[in-house]
Asker: 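One structure, pasted below without further comment.
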2 protein chains.
Amino acid sequence: VVLDFPVENLSAEDVERLRSIYEPLTRSVRELIDATIRTEMDADAVAAAKAEIDMATDRLRARQLAGPFGVRFGSDGDQMPWGNVVVGLRNPVAPPLSMQRTPDGGVFADFHLGSAYEGPPGHVHGGVAALILDHVLGEAASSADRPRLTGTITMRYRRITPLGDLHAEARIVRTDGVKTYAVGHLSDSGGVTVEAEGVFIQPRWARE
Amino acid sequence: VVLDFPVENLSAEDVERLRSIYEPLTRSVRELIDATIRTEMDADAVAAAKAEIDMATDRLRARQLAGPFGVRFGSDGDQMPWGNVVVGLRNPVAPPLSMQRTPDGGVFADFHLGSAYEGPPGHVHGGVAALILDHVLGEAASSADRPRLTGTITMRYRRITPLGDLHAEARIVRTDGVKTYAVGHLSDSGGVTVEAEGVFIQPRWARE
């Protein structure tokens, strides 16, 4: 498999202009997702809201990409994974996580999960914990010039995670050829809720 | 932890009426999510769409649940996990999966993943595969009167999964006291892409 990474060489100003157009839209759609799950309004109000939503969708679809967003690049070579389901600033499904790097090469993110990520009542779906930890360990294992994809990953659930303010972090344990071993965890204010460990592989197309 | 499962004893007609009000709304929001990621419209059109979306959100929030949706019950004791991030018919983030049971007790689902679930360009985020497999294995391990939560789960990625039409299935391997061992996989038309195995635990509050 060879992945398609269009290189657009957008200037920093272009990137900032695009962000200022699309980020507020995405934030509004995240609010709408929460409202859709929690509304107790009746059939007439829901139908009126649906009509407004369909109008917005038609407006946005008048000119659109033929497929999913993919990854674009700025002129500095920085990735713009704006469609990504975990970190994408144009993807309303993403919380989104804003990944930060520590001086020793680890990564972490502080974020909020609301009603859209529910599994057991009032709690984060175990699979959402897995989604986030897969991404965070993958980021720890990768660098800009060396993407690595998950080979195997194991989650250990110590207790269920409440919806709300959460923290995730990960770091590399060791690298052995094309394999990088990483560990990490998800936590709330009371401590660790889910632990993860995984092996991340440098794909063949990224080995040159 | 004791989870809050409000019993509402809704009649079959009530459930059907609620479904007919809220399911079309949720479908419209799923379309909007896709349009938000893929639109190439300019600032004016995006601002107009955002205004319509914010109007719809205000309308829906005029009366809403204080928190996340949780799980409601019909009068027949059936669960209505309508807010669930994988199967919830009121959650726009859910693809949603419609789980089916085979005569031998296994479970499966056929579903479509579009641009909202992207990780590597054109492909399903590895963590989304984990989200779905966690849910499908958990369903295989559980029954209506015996919920089981994930204890540990391991994913093995055999190749990356393209966005599009997919299949997931799982079955119980064995049960040993409060622990149930389950296996499953995700596949596309070309075969298995991700394998999973996990241990699911009957929570203390559900052991009586």
Asker: Among A/Pro203, A/Gly151, A/Ser115, which has the most heavy-atom pairs under 4.5 Å with chain B?
Answerer: A/Gly151

Asker: Taking all non-hydrogen atoms of both residues, which atom of A/Gly119 and which atom of B/Asn84 are closest, and how far apart?
Answerer: CA-ND2, 3.8 Å

Asker: To the nearest 0.5 angstrom, please state how far the OH atom of A/Tyr157 sits from the CD1 atom of B/Ile153.
Answerer: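 If we round to the nearest 0.5 Å, A/Tyr157:OH and B/Ile153:CD1 are 6.5 Å apart.
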
Asker: What residues of residues 56-66 of chain A make heavy-atom contacts with chain B at a cutoff under 4.5 angstrom?
Answerer: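 Checking residues 56-66 of chain A against chain B gives A/Ala56, A/Thr57, A/Arg59, A/Leu60, A/Arg61, A/Ala62, A/Arg63, A/Gln64, A/Leu65, A/Ala66.
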
Asker: Can you see which heavy atom on B/Val86 is nearest to which on A/His125, and at what distance?
Answerer: CG2-NE2, 3.7 Å

Asker: Which one wins on heavy-atom pair count under 4.5 Å against chain B: A/Asp42, A/Asp34, A/Val199, A/Thr26?
Answerer: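 The answer is A/Asp34.
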
Asker: Look up atom CG in A/Leu131 and atom CG in B/Asp134, then write down how far apart they are to the nearest 0.5 Å.
Answerer: 11.0 Å

Asker: Output the option from B/Ser20, B/Ala43, B/Gly138, B/Ala49 having the highest count of non-hydrogen pairs under 4.5 Å with chain A.
Answerer: B/Ala49

Asker: Identify which part of B/Pro147 has an atom lying under 4.5 Å from any heavy atom of chain A, answering side chain, backbone, both or neither.
Answerer: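 No part of B/Pro147 comes within 4.5 Å of chain A.
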
Asker: Under 3.5 Å, side chain of B/Arg90 to main-chain N/O of A/Ile37, donor-acceptor pair present?
Answerer: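 Yes; judged by distance alone, with no hydrogens or angles, the pair exists.
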
Asker: Could you look at B/Leu163 and say if it's the side chain, the backbone, both or neither that has a heavy atom under 4.5 Å from chain A?
Answerer: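 Answer is side chain: those atoms of B/Leu163 sit under 4.5 Å from chain A.
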
Asker: Could you measure the distance from the OH atom of A/Tyr22 to the CE atom of B/Met41? Nearest 0.5 Å is fine.
Answerer: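 Between A/Tyr22 OH and B/Met41 CE, I get 8.5 Å after rounding to 0.5 Å.
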
Asker: Is B/Asn91 close to chain A through its backbone or its side chain, or both, or neither, when contacts mean heavy atoms under 4.5 Å?
Answerer: both

Asker: By side-chain contact (heavy atoms from CB on, under 4.5 Å), which residues pair with A/Ala168, not counting sequence neighbours?
Answerer: A/Phe111, A/Ile132, A/Val136, A/Leu186

Asker: Once rounded to the nearest 0.5 Å, what's the spacing between atom CD1 of B/Ile53 and atom CZ of A/Arg30?
Answerer: 12.5 Å

Asker: Out of B/Gly114, B/Ala48, B/Ala129, B/Pro81, which one racks up the most heavy-atom pairs below 4.5 Å with chain A?
Answerer: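 Of B/Gly114, B/Ala48, B/Ala129, B/Pro81, B/Ala48 has the most heavy-atom pairs under 4.5 Å with chain A.
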
Asker: Supply the atom-to-atom distance A/Phe69 CZ to B/Thr36 OG1, rounded to the nearest 0.5 angstrom.
Answerer: 12.5 Å

Asker: How far apart are the closest heavy atoms of B/Arg156 and A/Thr152, and which atoms are they?
Answerer: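 B/Arg156 and A/Thr152 have their closest heavy atoms at CG-CG2, 3.5 Å.
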
Asker: Report the option among B/Val128, B/Val194, B/Ile21 that has the most heavy-atom pairs separated by less than 4.5 Å from atoms of chain A.
Answerer: B/Ile21

Asker: After noting the C-alpha distance and the side-chain angles of B/Asp54 and A/Leu32, does the key distance pass the side chain to side chain contact (heavy atoms under 4.5 Å, CB included) rule?
Answerer: CA-CA 7 Å; B/Asp54 291 343; A/Leu32 175 63; over 6 Å; no

Asker: Any side-chain to backbone donor/acceptor pair from A/Glu118 onto B/Val85? Under 3.5 Å, distance only.
Answerer: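 Not confirmed, A/Glu118 side chain does not pair with B/Val85 backbone.
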
Asker: Looking only at heavy atoms and a cut-off of under 4.5 Å, which of A/Ala130, A/Gly198, A/Gly126 has the most pairs with chain B?
Answerer: A/Gly126

Asker: Identify which part of A/Pro24 has an atom lying under 4.5 Å from any heavy atom of chain B, answering side chain, backbone, both or neither.
Answerer: both

Asker: Does B/Arg146, at its CZ atom, have more than 12 non-hydrogen atoms belonging to other residues, nucleotides or ligands within less than 6.0 Å?
Answerer: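 No, the 6.0 Å shell around CZ holds no more than 12 heavy atoms from other groups.
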
Asker: Nearest 0.5 Å, what's the NE2-CG distance between B/His123 and A/Leu149?
Answerer: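 Answer for the NE2-CG pair, B/His123 versus A/Leu149, is 10.0 Å.
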
